[in-house]
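Please read all numbers here as calculations on a predicted model, not as lab measurements.
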There are 2 protein chains.
Amino acid sequence: MEPDAITSLKIPGSVVRRLPRYLTQAQHLRQEGVEWVSSLSLAETLGLTSSTVRQDLSHIDFQGVSKRGYSTAGLEGALARTLGVDHDITCVLVGAGNLGRALALHDEFGRQGFKIVGVFDSAPAVVGKKVGRFTVQGMTELAGVVREQKVEIGIISVPHEAAQPVADQLITAGVRGLLNLTTAHLLVPAEASVVDARVLASLRELAYGVKRR
Amino acid sequence: MEPDAITSLKIPGSVVRRLPRYLTQAQHLRQEGVEWVSSLSLAETLGLTSSTVRQDLSHIDFQGVSKRGYSTAGLEGALARTLGVDHDITCVLVGAGNLGRALALHDEFGRQGFKIVGVFDSAPAVVGKKVGRFTVQGMTELAGVVREQKVEIGIISVPHEAAQPVADQLITAGVRGLLNLTTAHLLVPAEASVVDARVLASLRELAYGVKRR
DNA sequence: TAGATTGTTAATCGATTAACAATC
DNA sequence: TAGATTGTTAATCGATTAACAATC
């Protein structure tokens with residue numbers, strides 16, 4: 001078994017959730033011209049301990065250098081490969097309300113490799129309307145687009161009551177990951193992944209933080 | 001010391017992050033006319049164990065009933081009080097890009113008590129433009145609005161390089177909680193709270209989930 | 001070289017789960 | 001009443017932190 005196969009076998013969820021933050025940090029540092037970063041410095045900017053950083057990075061196929069730390073460019077590349085964001089990922093967006101339209105128009109995600117190839121909505125009044133460079137399509141078109149463009153991720157921004165049936169349609173069509181922007185809890189088969197965006201939940205968490213002072 | 005004071009003394013972060021999900025579930029169930037819900041049923045719909053649910057709910061000032069479970073209406077109210085979302089919370093939004101505009105237009109947050117009272121941007125070209133019922137204001141107006149309207153939460157959707165200075169301005173003006181929609185890691189004094197919305201991080205987490213199948 | 005920093009093992013800490021008496 | 005379900009204690013599990021030999 002190759003070393004890569006070993007390291008990529010299974011990374012704990014707690015670590016996977018931090019890897020995107022290291023990636024963002026490595027990107028920012030490299031863009032600023034910083035070539036090396038230590039576990040301690042990463043820890044300080046991210047509010048972690050240097051121990052946690054070194055433990056986490058031991059899961060990716062990349063080595064630091066004694067006395068110098070981690071090469072920002074090398075770290076960025078290795079993290080992108082580990083997460084699977086070293087190539088474009090095709091996405092569709094279902095639900096062309098305000099939140100959905102914003103995500104379709106927010107080109108930062110596209111720049112980071114998440115390419116939206118279609119925007120869908122069930123409301124006849126919305127179908128055919130333009131959202132940036134997209135024309136909103138009806139739900140009947142969804143399965144075809146997912147199959148033809150090998151869409152990997154579905155972004156769900158419909159009313160919460162509609163979220164589960166939309167998730168089912170996306171999964172049936174062949175999508176393997178769902179970004180859930182609704183407050184519904186989605187049930188999917190074990191071979192698919194769901195990540196909840198938790199925007200309202202974050203505001204509520206913040207309300208608790210603000211209250212107890 | 002009153003029982004309420006004891007229970008509200010300090011709820012672990014892991015629990016606080018789940019409370020909004022119970023609240024959402026309780027709201028949905030009550031709206032559907034369901035009056036009682038057991039810890040097992042909550043656990044099943046949220047992908048948890050009934051033990052975790054009972055442990056979590058023991059932190060709030062609300063009792064279940066043997067053999068019947070929890071009253072959905074009672075649970076909803078107690079969770080709202082615990083989180084501090086049983087009354088309106090005033091927010092400002094800084095950064096009127098696509099994401100920011102969407103949040104300002106997305107009235108679901110307003111319906112859930114998060115009232116936006118101002119939208120700000122530093123770009124002269126954007127200041128004065130309309131975003132729904134708001135007129136975008138310049139950053140010089142920010143501190144005044146925060147003070148006059150007793151704004152509690154600032155929502156930051158500016159480019160990541162600008163996020164920390166904006167956070168500093170918001171905190172200085174008196175805001176006590178920040179919802180961070182950028183990829184920057186924000187440093188704030190201990191008496192303030194930050195919650196990261198992690199939208200790009202969620203997509204990256206999903207990329208990892210999608211890759212390993 | 002001396003010293004800074006990694007990678008990794010072992011210890012600690014906290015979160016989750018199991019178990020069960022209390023109870024309606 | 002009998003049985004379902006809570007609230008809580010104790011056990012387990014996993015994540016974080018500390019420590020330190022290896023190393024450049």
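Residue-level contact check: A:Gln55 touches the bases, meaning some heavy atom is under 4.0 Å from a base atom. Looking at heavy-atom distances under 4.0 Å, B:Ser14 makes contact with sugar-phosphate atoms alone, never a base. Among the protein residues, B:Arg18 comes within range of the sugar-phosphate backbone only, with heavy atoms under 4.0 Å from sugar or phosphate atoms but none that close to a base.
Panel note: side chain B:Lys211, backbone A:Arg81; a donor-acceptor pair is recorded below 3.5 Å. Of the possible donor and acceptor atoms, one in the side chain of B:Ser202 sits under 3.5 Å from a partner among the backbone N and O of B:Arg198.
Nearest to the side-chain atoms of B:Gln63 among the listed nucleotides D:dC20, D:dT17, D:dG7 stands D:dG7. Of the listed nucleotides (D:dA19, C:dA15, D:dG7), C:dA15 has the atom at the smallest distance from the side chain of B:Pro12.
One can place CG of A:Leu57 at 15 Å from P of C:dT5, the figure rounded to the nearest angstrom. Taking atom CD1 on A:Ile60 and atom C1' on C:dT6, their separation rounds to 13 Å, with Å as the unit. Protein atom OH of A:Tyr70 is 12 Å distant from nucleotide atom P of C:dT5, rounded to whole Å.
Residues from residues 34-50 of chain A with heavy atoms under 4.0 angstrom of DNA chain D, sorted by number: A:Thr49.
Note on A:Thr52: every side-chain N or O is 4.0 Å or more away from OP1 and OP2 of D:dT16.
Comparing A:Arg54 and B:Ser66 along DNA chain D, the residue whose closest nucleotide (by nearest heavy atom) sits nearer the 5' end is B:Ser66.
There is no side-chain donor-acceptor pair under 3.5 Å between B:Glu76 and B:Gln25. Checking A:Ser58 against A:Arg54 by side-chain atom types alone, no donor-acceptor pair falls below 3.5 Å.
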Where does DNA chain C pair, written as one dot-bracket string 5' to 3', with Watson-Crick or G-U pairs under 3.5 Å, ( ) inside the strand, [ ] for crossing pairs and | for another strand?
..||||||||||||||||||||||

